[in-house]
Q: 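What follows is a single structure, and I will ask about it in a moment.
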Amino acid sequence: MNFDPRYSGRSFTSVGTRPIRPDGVDKVTGRARYGADFNMAGQLVGRVLRSPHAHAKIRKIDTSKAEKLAGVKAVITAADLPDLTDGDAAMYDILDNCMARTKALYDGHAVAAVAAVDARTARQALKLIEVDYEVLPHVVDVDEAMKHTAPLLNDAIFTEGLEEKPVKPSNVTKRTQYGHGDIHEGFGQADFVVERSFKTEQTHQGYIEPHACVASVSSDGTADLWVCTQGHFVYRQHCAQLLGMEASKLRVTSSEIGGGFGGKTHVWAEPVALALSRKAGRPVKLVMTRDEVFRASGPTSATSIDVRIGARKDGTITAAEATLRYSCGPYAGMWAEIGAMTAFACYKLDNVRTVGYEVLVNRPKTAAYRAPSAPMAAFAVESAVDELAKEIGMDPVEFRIRNAAQEGTRSSYGPVYGPIGIGPTLEAAKNHPHMKAPLGKNQGRGMACGFWFNFGGQTCTDLNIGMDGSVSLAVGTVDVGGSRASLSLVAAEELGIDYGQVKAVVADTSSLGYNDMTDGSRGTFSSSMATISAARNAIKTLRDRAAQTWDIPIDDVVWEKGHAIAKGEKYGNLAALSLKEIAAASGKTGGPIAGHSELVADGAGVSFATHICDIEVDPETGSTRVLRYTVVQDAGKAVHPTYVEGQYQGGAAQGIGWALNEEYIYGKDGRLQNPGFLDYRIPVCSDLPMIDTQILEIPNPNHPYGVRGVGETSIVPPLAAIANAVSNAVGVRMTHIPMSPPRILAAIEAER
Amino acid sequence: MAGVAVSTTINGDTVEYLCQPDETLLDVLRDRLGLTGAKEGCGTGDCGACSIILDDRLVCSCLVLGAEAEGRHVETIEGMAHGDSLHPLQQKFLEHAALQCGICTPGFLIAAKDLLAKNPDPTEEEIRFGLAGNLCRCTGYDKIVRAVQDAASVMKGA
Amino acid sequence: MMPKSAQRFSDKHHGPNEGLALMVEVTLWGSLGALAGGKSKVEIEAKDIRELFRKLAEQYPGLEPLIEKGIAVAIDGTIYRDTWSKELPQGAEIFLLPRLAGG
Amino acid sequence: MRYIRPLSIEDAAGLLAGSTGTAAILAGGSDLLVRMKGGFIEPDLIVDIKAIEGLGEIRETAEGFSIGAAVPCAVLGESKVLKKAWPGVVEAANLIGSKQVQGRCTIVGNLCNASPAADSVPALVAAGAKAVVVGPGGKRTIAVEAVPTGPGKTSLAKGEIVEAILLDKRPPRSGDAYLRFIPRTEMDIAVVSAGVNLTLDEQGRVKSARLALGAVAPTVILVEAAAEVLIGSRLDEATLERLAKVCSGACRPIDDKRGTVEFRRKVAGVLAKRAATTAYKRAGGK
């Protein structure tokens, strides 16, 4: 790392303002190009044939009839995507997910694909492909899948992480454990103990833009891929590895992305499109239908979680324990492990233990979804915490404040915390007017806390200064929600120029060094660090050019407010040189002026939030209405506060949908019953109130401006906050998410 | 399958095209006419990303056949700005950051334009129900509703 | 708003022992411990993450495949995923964690 | 595949009668195009009836109203006279889908799609609406509840088209209402629904009543026992409780992705009570 990333307190000129985003006009005029908005001359239409069975052996695939259909240019199966993963298990799983090899493992699993001259021909061709399936027993429920009698998805899986190596294969790929202290002793000190089991159903990221790409492989082995993705460099690596290509010969351009939330972090159909293009010798456009998106991409884990928490009469938690079972789809994952790490992260605990089980089921491969695994764990823990506070007779906010983690606390996942924001968010919530607002009949208030790690990672940025003094910033992290605006602000801040002088773009994989994808709330955090570094490098060059112009040593030139200034009385007659003036002369002083940066932006700094919500329940129908919702979250430093608010509001809205109505519903046949926006019910505009936000700024010591990631934490508390509100409204503890009207009504009726 | 010859008006211009009888107007706009502002989020009328105005009525272009546009007037997002000046709704969406990923934005703008044409002074509730056919997964709708409120007050004053 | 503690925290990273290899205590999370012969804490002489990983792999070959795949290192609570050059300050708490996925 | 836009209802019926493969009528298209997209139907012939004269109109006649088969539901909501006479029917029509869908969908399409959960149908059944059917054999007028016979199935013969829906003129002191239960506030298919139509006598007692339930049986059901409970009452608490019980008992629901048997039974009674109360108020009852 070529610069000092430490936080230094300073006042800002551009950072913290709210200008219009640079990509905005194209997005309000329909000009912005997303995955499906790009076309190439001579392109074919790619379509994927998917398994109608939840679990089936593929005996034989006969593609001969499809190949003979006029207009069909290529038909592929797993045979056209041979295994080149060389023992890399994670990549093998991605390959098998892209195209089933020996078994179809879920309803919607790809088994073959075609490229044809038009969509109609491609559709007809799919019907002509004959697949001989041997249908196998299936299992979709996470608890059922753990039973010894459950159908096995993969008989080569033996549970890892057990004391003794198991002799029999299992659907449980791994057991993990976190914690410290002695929970038996801790529970022994408790005056009150709450013990509950919880369940959450599987949800989908629900991005409005289906996966889409255009792939073009040339006969010389070079290729282009246009694709909607959260990480085009990662997609390049994946595709190159799976197709046996050299990474540098595959240029990947990220389109505008119509939402990802974790669902566009690894490849799904892109290697298939490339393989079709390679075989057909023509570009192939492959766009998933909404049905395919739900059946074969994305979803998060379904979970089953047991929680036990004990506390003394004075409100001190003495012990906490959770067992977390997370579905992974048909391939090994680390979803329960993340749940186990995050479950109790908000609290200061002397005795804590969490155990996670990763469980295979005949559902689509689980993908990351915004703070993956944390919302479900928080739902279980924060529900139990609320119940425990009630038993002790303490206010739930006070109870949490009393037990909140702080700097120096050993986290439940191991390390000791640096400066963190859980306490301040709780204090802010406690003092928020929302907490004191009166409630009506059938209304309940709930609150809950949430935690997320946040990531940094590999980042590379180019900052080029034009001869007219305008600045173009090329970043490699995909802009999922306004990061080009915030990065332009950062460049303007560092250079001391106007925001309008900077234009940020997302560069393709051939124009910039490797960047990790936009995940883990790292987009603005890491690229701003690289942008600051690149700007500082450019400033060094600018100072050098000014020094040359003045013929004085560079050490006598400082950079202030967008100008080079010769410091010291002896230079009193030298007028400051603006960036524009230095740029205009750059052809004579040494050529173009640029700043480059490549770094690993680690030290993202963990993030906490506290949410408050009011819910009204119709006791006769179980129908709910969110009356009021407030998000309090630490941003470190809000670079563009409007987009920070947007992240808070968006995460809360997704969490509200998850809490109340969103779920994957499988039939007895193991087929997904609701693969569409009609019956997979994400919140609509009339379902929600305005979502109030309060941004706290507790600087991250590992970022020059104190920035933390903000994108994910906001989805962690809502499930629990709403469950607590509903439980308070109806007087029955809700333990199953989503709290759909039939579930709420059944709970009320059972209590009567 | 014989193509259907269609003559229609799109954003004020006469347009002629040949389409298949089962082809949706959305596919015609996007694939034949290069008007990719309308997006396909679902293809079943559940997300509103393909919203257009057909003879003064807000519709999902994925639920209209290309052949049905014969002799009618189609308005798309590409026709919303006048020359280089944005429609007040477009301007307010920018100012309020009423978009994150932006994929739903063209549909929201068209739906909001239709809403304000029929109800120039809507309440928050009327805006929320009026835009319930347009899904947004990023914003939580807060800033969208505020942008529409602000645009309505600007348009009333104009 | 810069808490005093944060300042102190940052200073640790540039302490007086910069550049020297130190004996550090490293805590291993559950399943890693099993691969290091059932130990949950190990002592390693290392000045930065690179050296830490190299020596861990030498002394506990069972850890090597996991190190290859990627391990995160928490230093005083801050998680580092890729910075091999990150120095290990004296007295810092070093914790090995799995490399996580995000959305 | 052919797309044809005939100019007369006779031509439309003739095209349908003469078709050899799968033929489909296109009015609003909000069901047909979804089925085509999903590959559930691949019609050989699409007959677009929107160019047929008169089909796009709401006419006020001596007997009441005639709503053409191609009238979008949004237009129903814009008709002040219709809204005043049949507020329940109009609110049902304006609950179908989104504003976008309401700009296209029609109540005839909603009826002929034969979904037990169709929003406008319980209101139409409660209203005693009739369907004018035109076909190769001429014209006939039947009760709307006689059109759907099961999920996706109708009593219409090959070549028959529903040309219009007829609603009677309202006697004084009449009111109707429709309510449905959905998990969200908009955009869902009814999990259970209820339409109620009442006329009161001069003393404010229910003189005549019709109540229909949706999404609780293979077709929308007219609950005659419910009418018996209502008639003669002033919708006091005890009557409403009895009504809820009768309605819950009349349900023959299934468990599916949208709701459970228990939920549908219970909520059918709740909605019946609430819809009856609204209809009673609209009729001038106190």
Side-chain angles (χ1 to χ4, degrees), chain B residues 1-6 19-27 38 40 42-72 107-108 110-115 117-119 125-135, chain D residues 1-5 7 21-51 56 70-78 91 94-106 109 182-189:
Chain B
M1 193 160 51
V4 184
V6 177
C19 69
Q20 294 298 319
D22 62 348
E23 200 171 331
T24 65
L25 181 54
L26 175 62
D27 286 341
E40 180 169 317
C42 67
T44 51
D46 298 310
C47 78
C50 66
S51 294
I52 59 157
I53 292 173
L54 181 65
D55 283 353
D56 291 325
R57 270 214 194 274
L58 178 69
V59 298
C60 287
S61 58
C62 73
L63 294 186
V64 179
L65 291 178
E68 289 183 78
E70 172 66 33
R72 302 177 75 174
F108 264 100
I110 290 289
K113 186 184 170 200
D114 177 73
L115 172 75
K118 296 188 165 76
N119 181 0
E125 192 179 2
E126 284 167 342
I127 292 171
R128 288 191 179 275
F129 278 88
L131 299 178
N134 295 76
L135 296 180
Chain D
M1 181 199 255
R2 290 181 305 153
Y3 166 86
I4 301 180
R5 188 164 25 201
L7 297 174
T22 311
I25 301 171
L26 172 64
S30 52
D31 287 315
L32 177 64
L33 266 70
V34 173
R35 279 158 63 210
M36 284 165 63
K37 174 90 186 175
F40 303 109
I41 179 174
E42 278 184 53
D44 301 293
L45 171 69
I46 291 178
V47 179
D48 182 349
I49 59 170
K50 286 192 291 294
V71 177
C73 286
V75 174
L76 268 59
E78 290 158 12
E91 70 198 356
N94 286 329
L95 283 174
I96 302 170
S98 58
K99 288 275 175 292
Q100 284 86 336
V101 170
Q102 286 152 25
R104 293 271 294 166
C105 69
T106 65
I182 54 170
R184 292 183 290 191
T185 48
E186 282 280 355
M187 300 304 291
D188 288 334
I189 301 288

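All heavy atoms count here, side chains included; hydrogens, waters and symmetry mates do not. Numbered from 1 within each chain, the chains take letters A, B, ... in sequence-line order.
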Q: Do Arg104(D) and Glu68(B) sit within salt-bridge range, that is, some charged N less than 4.0 Å from a carboxylate O?
A: yes

Q: Nearest 0.5 angstrom please: Lys37(D) NZ to Glu40(B) CD, how far?
A: 3.5 Å

Q: Below 4.5 Å from any heavy atom of chain B, which atoms of Lys99(D) appear? Answer side chain, backbone, both or neither.
A: both

Q: Between Val59(B), Leu54(B), Thr24(B), which residue shows the highest count of heavy-atom pairs closer than 4.5 Å to chain D?
A: Val59(B)

Q: At a heavy-atom separation under 4.5 Å, does Leu26(D) approach chain B through its side chain, its backbone, both, or neither?
A: side chain

Q: Between atom CD of Glu186(D) and atom CZ of Arg128(B), what is the distance when rounded to the nearest 0.5 Å?
A: 13.0 Å

Q: Count the heavy atoms of every other residue, nucleotide or ligand shown that sit under 6.0 Å from CG of Asp56(B), and state whether that count exceeds 12.
A: no

Q: Is Glu42(D) atom CD crowded by more than 12 heavy atoms from other residues, nucleotides or ligands, each under 6.0 Å away?
A: no

Q: So which of Leu115(B), Leu63(B), Leu135(B) has the biggest tally of heavy-atom pairs under 4.5 Å with chain D?
A: Leu63(B)

Q: Might you point out which heavy atoms bring Met187(D) and Asp46(B) nearest each other, and give the distance in Å?
A: CE-O, 3.7 Å

Q: Say you draw a straight line from CG of Asp44(D) to CG of Asp22(B); how long is it, rounded to the nearest 0.5 Å?
A: 11.0 Å

Q: Quick check: closest heavy atoms across Pro21(B) and Arg2(D), and the distance to 0.1 Å?
A: CB-C, 4.3 Å

Q: List the atom of Gly45(B), the atom of Ser98(D), and the distance in Å for their closest heavy-atom pair.
A: O-OG, 4.4 Å

Q: Name the member of Asn134(B), Asp114(B), Val64(B), Thr44(B) that forms the most heavy-atom pairs with chain D at distances under 4.5 Å.
A: Val64(B)

Q: Report the option among Cys62(B), Gly48(B), Cys60(B), Ala67(B) that has the most heavy-atom pairs separated by less than 4.5 Å from atoms of chain D.
A: Ala67(B)

Q: So, for Ile46(D) and Leu65(B), which heavy atoms are closest and what is the spacing to 0.1 Å?
A: CD1-CD1, 3.9 Å

Q: In terms of heavy-atom proximity below 4.5 Å to chain B, should Arg5(D) be classed as side chain, backbone, both, or neither?
A: side chain

Q: Quick one: CD1 on Ile52(B) to CD on Gln100(D), what's the gap to the nearest 0.5 Å?
A: 10.5 Å

